[in-house]
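Below is one structure; the comments refer to it alone.
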Amino acid sequence: MEPDEFPEIDTRTASIARLYDYMLGGTDNYEVDRRAAEAAEDLMPGSFALARNNRRYLERVVRYLAGECGIRQFIDHGSGLPTQNNVHQVARESGAGSKVVYVEIDPVVLAHGRVKALMAEDDSTAFIEADASDVDLVLGHPETRRLINFDEPVAVLYVSFLHCIPDARDPDGMVRRMVDHLSPGSYLAISHLTADTPESRERMTRFGVESTRGHWGRVRSREEVASFFQGLEVVPPGLVKATEWHPDGREEEQSEEFFEYGGVARKP
Ligand SMILES: C[S@@+](CC[C@H](N)C(=O)[O-])C[C@H]1O[C@@H](n2cnc3c(N)ncnc32)[C@H](O)[C@@H]1O
């Protein structure tokens, strides 16, 4: 993208949505994002593979939820820029009529022409510009109310997202308030950046905070990620490396030190 294409967008600071887009091979990013992505790869080798593996995890999760669990309503928090195999497309391959609400804070995602094209062609999909930690805003948004029937099961996705939420913004409370609103038979799906030692987690957290200037939270331990599922039934194989969750052979080799945990749970 050209720096002056969207005047409302800060092109001097890397954004996690654009950096991630670059890691996935997209073109909706700026020089500052590309530099930050390459710096991430230098500091934490395997970061690009990790991003691609996460995206494939998201596809497998949505396929499982729509195909095996019969879910037809999705709220995808921190959806990122449209890419291939977006949630609504994967969901509809397995379940006709699926409705999807995307929640995203990054203005480039919402300003993007493809988002507008996608919305114009499809009234069962909506993009909401919101901070996902404002659960009341998400739940009360006219598009959520139009598309989601909370008397029926809903899948709530926080995929490669909760590490963007600092503890001060209470990610546990955010997930809890959302899950409390769901009917029995609903699902919560998560992937979350982690590293195997406190020092590596600290390194990864510092990198995110410094390179995205505040649009970042914290890389958490396995116990901390597992606690998001409190009170829910985690489906097999449990909370595992995202590459090990229902693998389909497209997983790429990635770092043993830095990876994402992935898991899906059902509300009883
Ligand atoms: C690493 S991307 C993950 C994209 C997608 N979920 C996936 O797994 O492919 C994280 C996304 O969360 C968005 N994000 C960060 N903080 C947010 C917030 N408080 N509310 C909504 N979106 C947020 C970022 O803009 C970014 O697009």
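In each ligand, atom 1 is the first atom listed, and ligand 1 is the first ligand listed. No experiment lies behind these values; they were computed from the predicted model shown.
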Is there side-chain contact between [X] and [Y], with at least one heavy-atom pair below 4.5 Å?
| X | Y | result |
| --- | --- | --- |
| V154 | I71 | no |
| L193 | N54 | no |
| R220 | P171 | yes |
| Q73 | L147 | no |
| D122 | R92 | yes |

Practice task
Pick one of side chain, backbone, both or neither for how T83 approaches ligand 1, counting any non-hydrogen atom pair under 4.0 Å.
Solution key: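 It is neither part, as no heavy atom is under 4.0 Å.
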Exercise for the section: May I ask you to identify, for S191, whether its side chain, its backbone, both or neither come under 4.0 Å of ligand 1 on a heavy-atom basis? Expected result: neither
Problem - Proximity flag A130 to ligand 1, non-hydrogen atoms under 4.0 Å - result: yes
Handout entry: Heavy-atom gap S79 to ligand 1 smaller than 4.0 Å
Key = yes
Around [atom], find the nearest protein heavy atom and jot down its residue, atom name and distance.
| atom | result |
| --- | --- |
| atom 10 (C) of ligand 1 | S160 O, 3.5 Å |
| atom 12 (O) of ligand 1 | G78 CA, 3.3 Å |
| atom 20 (N) of ligand 1 | A132 N, 2.9 Å |
| atom 7 (C) of ligand 1 | Y20 OH, 3.3 Å |
| atom 15 (C) of ligand 1 | C164 CB, 3.6 Å |
| atom 22 (N) of ligand 1 | I105 N, 3.3 Å |
| atom 13 (C) of ligand 1 | E104 OE2, 3.3 Å |

Pull out every atom of ligand 1 sitting under 4.0 Å from any heavy atom of [X], numbered as shown with elements.
| X | value |
| --- | --- |
| R169 | 19 (N) |
| D131 | 18 (C), 19 (N), 20 (N) |
| I165 | 19 (N) |
| I16 | 24 (C), 25 (O), 26 (C) |

Exercise for the section: Give me the ring orientation class for H192 and F228: parallel if the planes are under 30° apart, tilted from 30 to 60°, perpendicular past 60°. Expected result: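 Plane angle under 30°, so parallel.
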Exercise for the section: Mark yes or no for whether E41, through its side chain, and S47, through its backbone, hold a donor-acceptor pair below 3.5 Å. Expected result: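 Judged by distance alone, yes, a pair lies under 3.5 Å.
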Problem - Nitrogen or oxygen of N54 less than 3.5 angstrom from that of ligand 1 - result: yes
Exercise for the section: Answer yes or no: is there an ion pair linking K241 with E256, defined by an N-O contact shorter than 4.0 Å? Expected result: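 Result for this pair is yes, salt bridge flagged.
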Handout entry: Cationic N near anionic O, under 4.0 Å, E59 to R56
Key =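 No, E59 and R56 are not salt-bridged.
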Handout entry: Axial cation check for Y261 ring with R222, 6.0 Å and 45° limits
Key =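 Output yes; distance and angle both within limits.
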